[in-house]
Trainee: 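I have a structure here, written as structure tokens, and I will follow up with some questions on it.
The figures that follow rest on heavy atoms only: side chains count, while hydrogens, waters and symmetry mates do not. Predicted model, so just to flag it, every value in this text is computed and none were measured. Just so you know, ligand 1 is whichever comes first in the structure, and atom 1 is the first atom listed for that ligand.
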Amino acid sequence: MTAPGLPMTVPAEGLPGRVRIHEVGARDGLQNEKTAVPTEVKAEFVRRLADAGLTTIEATSFVHPRWVPQLADAEQLFPQVAGLPVDLPVLVPNERGLDRALALGARRVAVFASATESFAKANLNRTVDEALAMFEPVVSRAKAEQVHVRGYLSMCFGDPWEGPVPVPQVVRVCRALLDMGCDELSLGDTIGVATPGHVTSLLTALNGEGVPTEALGVHFHDTYGQALANTLAALRHGVTTVDASAGGLGGCPYAKSATGNLATEDLVWMLQGLGIDTGVDLGRLVATSVWMADQLGRPSPSRTVRALSHQEQ
Ligand code: MG
């Protein structure tokens, strides 16, 4: 029997039994919104995501408000959600951001590096190595406080200015982030150009340089409709941490299409169909994204949200 609103479960060989979803909607999603969402709405969004069973919810970014005005309320938001029984990582771009996050009791932080010079320049106004040098004291101070550190790596597959990104170039920056003390990495396909063979090739090359698969998460964008195919390739390789954004919120200002982050609902639909445990209640999650779409005044781009909510398009 299959419950209404859920796929039939048919397991497949060679896949993990459980996947941890790293939910990025409240940070990666909302930072790309044109208008600032009220703090109360963000807090309610995070609470609803936790209630839907997500256990890792990236809450906000302690970036300078001038860079990302949409997340300028990090100091107001974080205390409102800090008591939830979930992990609440926050982005910290530099030592000042780390200070602000630690002062509020954050126990998980993330830094945001680039695999390419062009994006490092555009996003951080630094070379790749200058950005790594900026993160080094952030990571070492966080580790001294026993704070968990995630290293995001953008443009792992393609770059809007440079085209395809050579695998060894990505491996070098991954190695540097782990060597400075990052606990886990998130491999970002920021413009959504990866295909499954490329994913497997990068993961294999990382293993060859001594990077264990357990330290790797994947962050796919659905720009070319490849996010779930790429996710499946990563799962077959043994990856068990997958980033996704509720309702498919967010994108990349440098990508050609408005289609951005892999939608958490689309991911959960596939994982549930494969019998892979996520702990997420798909119905509650869809209801959350329908509620959020209402707050933002436009429909969710998630196909699963559309299919299950009969949203008007
Ligand atoms: Mg993203």
Trainee: Look at the N, O or S atoms of Asp243, main chain and side chain alike, and state whether any lies under 2.8 Å from the Mg ion (ligand 1).
Mentor: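 Looking at Asp243, which is the residue asked about, there is no N, O or S atom under 2.8 Å from the Mg ion (ligand 1).
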Trainee: Could you list all the salt bridge (Lys or Arg N to Asp or Glu O under 4.0 Å) pairs where at least one residue sits in residues 181-195, not counting sequence neighbours?
Mentor: Arg20-Glu184, Lys143-Asp183, Arg150-Glu184
Trainee: Compute whether any side-chain donor of one residue and acceptor of the other, for Glu265 and Ser289, lie under 3.5 angstrom apart.
Mentor: yes
Trainee: Flag the pair Asp99 and Arg141 as a salt bridge only when some basic side-chain nitrogen lies within less than 4.0 angstrom of an acidic carboxylate oxygen.
Mentor: yes
Trainee: Please determine whether Ser245 has a backbone or side-chain N, O or S atom lying under 2.8 Å from the Mg ion (ligand 1).
Mentor: no
Trainee: List in chain and number order the residues that pass ring pair (Phe, Tyr, Trp, His ring centres under 6.0 Å) with His237, two or more places apart in sequence or in another chain; answer none if no residue qualifies.
Mentor: none
Trainee: Quick check: of its N, O or S atoms, which one does Asp28 have closest to the Mg ion (ligand 1)?
Mentor: OD2
Trainee: Test of geometry: compute the angle NE2(His221)-the Mg ion (ligand 1)-OD1(Asn261) and round it to 10°.
Mentor: 80°
